[in-house]
Protein chains: 2
Amino acid sequence: MDRMLVLKAISDETRMKIMSLLLHHNYCVRALARKLNLSEGAVSQHLKVLRDAGLLTGEKKGYFMHYDVNREVLHALAADIETLASMERELCTPEESGCHSSEQEYCHTQKHGNEEVRESCHGADFAKGGNGHEHPGHCHCHKSE
Amino acid sequence: MDRMLVLKAISDETRMKIMSLLLHHNYCVRALARKLNLSEGAVSQHLKVLRDAGLLTGEKKGYFMHYDVNREVLHALAADIETLASMERELCTPEESGCHSSEQEYCHTQKHGNEEVRESCHGADFAKGGNGHEHPGHCHCHKSE
DNA sequence: AATTTAATTTAGCAATGGCTAAATTAAATC
DNA sequence: GATTTAATTTAGCCATTGCTAAATTAAATT
């Protein structure tokens, strides 16, 4: 499952409406077009995007196309986003992020709020380090207030 | 929270990378630009999109901008999508969806698979109903195989 | 086999979006 | 208060996207 493809697919108002409609009922393309005030071609193109993202499976039944929502993909996406949301800030790893060795001992993780933050990294040494475009990834700590 | 705005914000590869980076660490704009191989302006624009969606809050700390991910918005989005994914197909409501009264008695909900589907709605009466462009929203049942 | 019809695809157009480079803003240092 | 510097905004460019209308495809009916 290509998460980006799924996100792009549902981050369009019209396609989200289509998903919502198909989650509730079974509609033929023309009925969708009518509900959405769009041409059938436009709807067909949207359906293709949703199909390509794996969100729909289509099957011809008699004269009519029959689309089914693949709810698993939505469940997976929700889980994926939830995982992202629950991600904790890592401990500072200066060597990986490009801190100067002289600054490393001051690096701390800053979680939420500003309580744990100590002065470091953006001190005078850093500011004088170059022309500004060689600015390295720093260790992400900043001045306490 | 505007769900659509949030979805559009994170359905871009670069912005998703920014989110991921900021969820792990605290980066200044220039460090992000360097990591992503982009101009600072481009990064700033992406940050604005994420801010406008409510995904980030920015605060100036000394020389540097300090961005925090609003994890609540991500949690809410995940829950939202999960709700969507768990949506059950409603029972057929022909009067609402435009079925002809003669067809209503045959309408059924089709959940997953095709087992519960009966012939209805798309029968001969329906096909002869008009020039095709007056095609009403129908009750979404279709022929069994 | 010919016809009818639902759905898809294509061509062309307008709007949107992301990028760079340059100008501007705002805040910290001197 | 002048200078320095990080971040934002703006202007202009190109690629992408969504739309309509028309052409095409594919399947069911006759």
Side-chain angles (χ1 to χ4, degrees), chain A residues 4-5 8-9 11-18 26-34 36-53 56 58-67 119 121-135 138 142-143 145, chain B residues 4-5 8-9 11-18 26-34 36-53 56 58-67 119 121-135 138 142-143 145:
Chain A
M4 219 60 221
L5 220 52
K8 278 187 194 302
S11 68
D12 174 88
E13 196 83 54
T14 303
R15 282 193 294 270
M16 188 53 105
K17 278 185 195 160
I18 291 176
N26 182 16
Y27 291 94
C28 68
V29 175
R30 182 165 294 165
L32 286 172
R34 201 174 133 278
L36 299 166
N37 226 11
L38 279 178
S39 70
E40 290 180 57
V43 171
S44 223
Q45 285 168 13
H46 282 304
L47 290 169
K48 179 169 168 44
V49 173
L50 292 168
R51 243 186 296 129
D52 289 349
L56 297 180
E59 202 186 344
K60 193 132 188 186
K61 294 266 173 177
Y63 268 149
F64 298 89
M65 248 346 247
H66 182 272
Y67 279 103
E119 178 167 4
C121 297
H122 295 307
D125 271 352
F126 166 76
K128 299 201 179 78
N131 64 7
H133 279 277
E134 293 160 7
H135 178 86
H138 53 74
H142 55 79
K143 300 206 170 186
E145 40 241 304
Chain B
M4 219 60 222
L5 221 53
K8 277 186 194 302
S11 67
D12 175 89
E13 196 83 54
T14 303
R15 282 193 294 270
M16 188 54 105
K17 278 185 195 159
I18 290 176
N26 182 16
Y27 291 94
C28 69
V29 175
R30 181 165 295 165
L32 286 173
R34 200 174 134 280
L36 298 167
N37 227 11
L38 279 179
S39 70
E40 291 181 56
V43 171
S44 225
Q45 285 168 12
H46 283 304
L47 290 169
K48 179 169 167 44
V49 174
L50 292 168
R51 245 187 293 128
D52 289 349
L56 298 179
E59 203 188 344
K60 193 132 191 186
K61 294 267 172 175
Y63 268 149
F64 297 89
M65 246 347 245
H66 181 272
Y67 279 103
E119 178 167 2
C121 297
H122 294 309
D125 272 352
F126 165 77
K128 300 201 179 77
N131 64 8
H133 280 276
E134 293 160 5
H135 178 87
H138 53 75
H142 55 78
K143 300 207 169 186
E145 40 239 304

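Letters go in sequence order (proteins before strands), and every chain restarts at 1.
- Between the OH atom of B:Tyr27 and the P atom of D:dA6 there is a distance of 18 Å, rounded to whole Å.
- Considering only the side chain of B:Glu40, D:dA7 comes nearest among C:dC19, D:dG18, D:dA7.
- The B:Arg30 side chain lies nearest to D:dA7 when the options are C:dA7, D:dC19, D:dA7.
- Between the P atom of D:dA27 and the CD atom of A:Glu59 lies a distance of 12 Å, rounded to the nearest Å.
- The heavy-atom pair separating A:Val43 from A:Ala33 by the smallest distance is CG2-CA, 3.6 Å.
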Could you go through A:Lys48 and A:Arg51, starting from their C-alpha distance and side-chain angles, then the distance that decides it, and tell me whether this counts as side-chain contact (heavy atoms from CB on, under 4.5 Å)? CA-CA 5 Å; A:Lys48 179 169 168 44; A:Arg51 243 186 296 129; 3.8 Å; yes
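- Rounded to whole angstrom, the span from the CE atom of B:Met16 across to the P atom of C:dG18 amounts to 14 Å.
- Distance, A:His66 NE2 to C:dT8 C1': 19 Å, rounded to whole Å.
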Residue pair B:Leu47, B:Leu32: steps toward the side-chain contact (heavy atoms from CB on, under 4.5 Å) verdict: CA-CA 10 Å; B:Leu47 290 169; B:Leu32 286 173; 4.3 Å; yes
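- Taking every side-chain heavy atom of B:Ser39 into account, C:dT20 is the closest of C:dT20, C:dA7, D:dC19.
- Each of D:dA6, D:dG18, C:dT9 was ranked by its minimum atom distance to the side chain of A:Asp12; first place goes to D:dG18.
- Distance NE2/B:His46 to CG/B:Leu38: 6.0 Å, rounded to 0.5 Å.
- The side chain of B:Arg51 lies closest to D:dT8, out of D:dA6, D:dT8, C:dC19.
- Side-chain N/O atoms of A:Tyr67 include none lying less than 4.0 angstrom from OP1 or OP2 on C:dA6.
- The residue among A:Ala42 and B:Gly41 whose nearest nucleotide of DNA chain C lies closer to the 5′ end is A:Ala42.
- Taking CZ of A:Arg34 as the reference point, atom SG of A:Cys28 lies at 9.5 Å (rounded to 0.5 Å).
- The base of D:dT10 sits with one of its N or O atoms less than 3.5 Å from a complementary donor or acceptor on the side chain of B:Gln45.
- One can place CZ of B:Phe64 at 9 Å from C1' of D:dT5, the figure rounded to the nearest angstrom.
- For B:Leu38, counting side-chain heavy atoms from C-beta on, the closest listed nucleotide (D:dA7, C:dT8, C:dC19) is C:dC19.
- Checking D:dA27, D:dG18, D:dA7 against every side-chain atom of A:Lys60, the shortest atom distance belongs to D:dA27.
- Protein atom CG of B:Leu32 is 9 Å distant from nucleotide atom P of D:dA7, rounded to whole Å.
- Taking atom CG of residue B:Asp52 and atom C1' of nucleotide C:dT16, one finds them 16 Å apart after rounding to whole Å.
- Taking only side-chain nitrogens and oxygens, A:Thr14 comes nearer than 4.0 Å to OP1 or OP2 of D:dC19.
- Remark: P of D:dT17 and NZ of A:Lys8 are 7 Å apart, rounded to the nearest angstrom.
- Closest to the side chain of A:Lys48, from the set C:dT9, D:dG18, C:dA6, is C:dT9.
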